[in-house]
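Notes follow the structure.
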Amino acid sequence: MKIFNTMTRKKEEFVPVEDGKVKIYACGVTVYDLCHIGHARSAIVFDVIRRYFRYKGFDVTYIRNFTDIDDKIINRAKEEGIPWHEVAKKYTEEYYRDMDALGIERADIEPKATEYINDMIEMIKGLIDKGHAYVVDGDVFFSVDSFKDYGKLSKRSMDELKAGARVEVDKRKRNPLDFALWKASKEGEPSWPSPWGPGRPGWHIECSVMSMKHLGETFDIHGGGADLIFPHHENEIAQSEAYTGKPFARYWVHNGFITIAKEKMSKSLGNFFTIRDILERFDPEVVRIFLLSTHYRSPIEFSEDQLRETEAALDRFYSTVMRVEGYLQRMSKKQKDNPEQKRMEEVLETLPRRFEEAMDDDFNTALAIGHLFEAIKEINRYLDARPSGPKAQETLTRAIELLRSIGGVLNIFQRSPRQWHLSLLKTRKVDITEEEIERKIAERQEARKQKDWQKADSIRDELLKHGIVLEDTLQGTVWRVKV
RNA sequence: GGCGGCGUACCCAAGCGGCUAAGGGAGAGGUCUGCAAAACCUUUAUUCGCCGGUUCGAAUCCGGCCGCCGCCUCCA
């Protein structure tokens, strides 16, 4: 497997610290508001990476944290007039609601910053003892000058960083780039006792502490959004390696952004769509495929049109499943030679290999999905050749099973066509129930039997106005939500 | 200003030295069908922002130019 490592800016062969095991830490979110689609991308990317390692037979430990104490949470608490921990609790629940809906599996360990305050204090003490940190008025800062490799991840020299510094410099810092490990709290702010007085941890320290506590001082993969490269991950490396004297994470994996009108989607720009908004109008699986149809490091331009197109693509899968299921029910038992048989078998045989090749190459989900859709086309082709007999039955059954099992690694293709259409009924706001549709179909069947085409067509047109398309197949009439 | 990335058909997107430049969407024509729908077939990039260079051979490597974006501040 090859993974692009931000540290070396190259694809590298993946070699785990411990044979057969992979330890991953992905930076989660600060729980102070609803998540937007950019958060979803990061979560989905690492969800897939984790699932793929598992598929490859690795024993995976996956950690994703929650930052549950921070200035933004404190501010939000003031705005909402509730205690800070209520804010954290509320948005942690909202986070789960959205991410669960998107089919993102819970991490093996989901640490919260406030549960590790003592460990952080211990680490900060150690850093002070080793001369990497200093105390000023109850604050503790990390001294970047004490760590010679500072800037190695973001590929910046200290001089460049100083020259470009746009931040107001805290005069108490020895170097403007020094960052807070511990912040003294003001009156009325949440605080924890510490050797330096009451305060709360700085942002970066939590990830170092929680990752090393659960994964060891050196672990395999550390990741998050590309905006975390500097300063967050740079600072994590500095404090962790200064503390242990050992390399921190071996592979740094960063996902690209979602953009709107070519600009990064962000809270501060206000150009974001919450996951909640999007799931009102789109099926979660559509969102998932949309986000996985572009390589994880490239930017994705958010577009409703693209989501619609993805919906149409996914509908192809479920239509094909429906078609195969219908076909199998009435397929002739008589075995006969089919010129397409060999081709179909070849497609099925090579599909897992092609899927793995794509995923082994820095998690190329876009290519992998391309292969899956190619197979869908081949299945339809095969079906058009009217195969029959036990061999065809076995081939078709295997084809669908294969799509489902490989799709499972991306957590797509897992539902029945009916579940898909029921979901579309909701997201496309179809104002007619499944029962009514079935009733109309029965009514139309009657008309068709009488060869009353006019009536049959008018019923069909009526349903179409509600966004329902009918298909008359040899196995009977089936309905679909028009996409 | 420093550092980094991107520019592939009408749209999205993979390909990163050599087989016909994946796949999806959209458009056009056809097959099938009571008519449709779905599906399939054909068709839409002799060409990969532009200009040079390296090479037997480049969308893929190198240099320059143009355009867009990100990080350097909280940010997935």
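What you see is a predicted model; the values in this text were computed from it and never measured. Atoms considered below: every heavy atom in the structure, side chains included; atoms not considered: hydrogens, waters and symmetry mates.
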Self-check item: A:N380 side chain near B:A38 phosphate (N/O to OP1/OP2, under 4.0 Å)
Solution: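 Negative; the distance criterion is not met.
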Quiz item: What string of B, S and - do you get for nucleotides 24-35 of chain B, 5' to 3', if B is base contact, S is sugar-phosphate-only contact and - is no contact with any protein heavy atom under 4.0 Å?
Solution: BS--------BB
Could you identify the nucleotide paired to [N], looking across every strand shown and requiring Watson-Crick or G-U wobble geometry with both distances under 3.5 Å?
| N | value |
| --- | --- |
| B:G17 | none |
| B:U54 | none |
| B:U60 | none |
| B:G4 | B:C69 |
| B:C48 | none |
| B:G29 | B:C41 |

Practice problem: Identify whether the distance between the nearest side-chain nitrogen and carboxylate oxygen of A:D283 and A:R415 falls below 4.0 Å. | Solution: yes
Which atoms of nucleotides 66-68 of chain B (N or O only) lie under 3.5 Å from a protein N or O atom, and what are those distances?
none

Quiz prompt | Point-to-point distance, once rounded to the nearest 0.5 Å, from CE of A:M1 to CG of A:D360 | solution =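 Here the interatomic distance stands at 5.5 Å.
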Practice problem: Measure up the A:Y318 and A:F413 rings against each other and bin them: parallel (under 30°), tilted (30 to 60°), perpendicular (over 60°). | Solution: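 Aromatic pair A:Y318/A:F413 classed perpendicular.
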Self-check item: Geometric class of the A:F66/A:Y96 ring pair [parallel <30°, tilted 30-60°, perpendicular >60°]
Solution: perpendicular
Self-check item: Strand contacts (RNA chain B) in residues 26-39 of chain A, 4.0 angstrom heavy-atom criterion
Solution: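 By residue number: A:G28, A:V29, A:H36, A:G38, A:H39.
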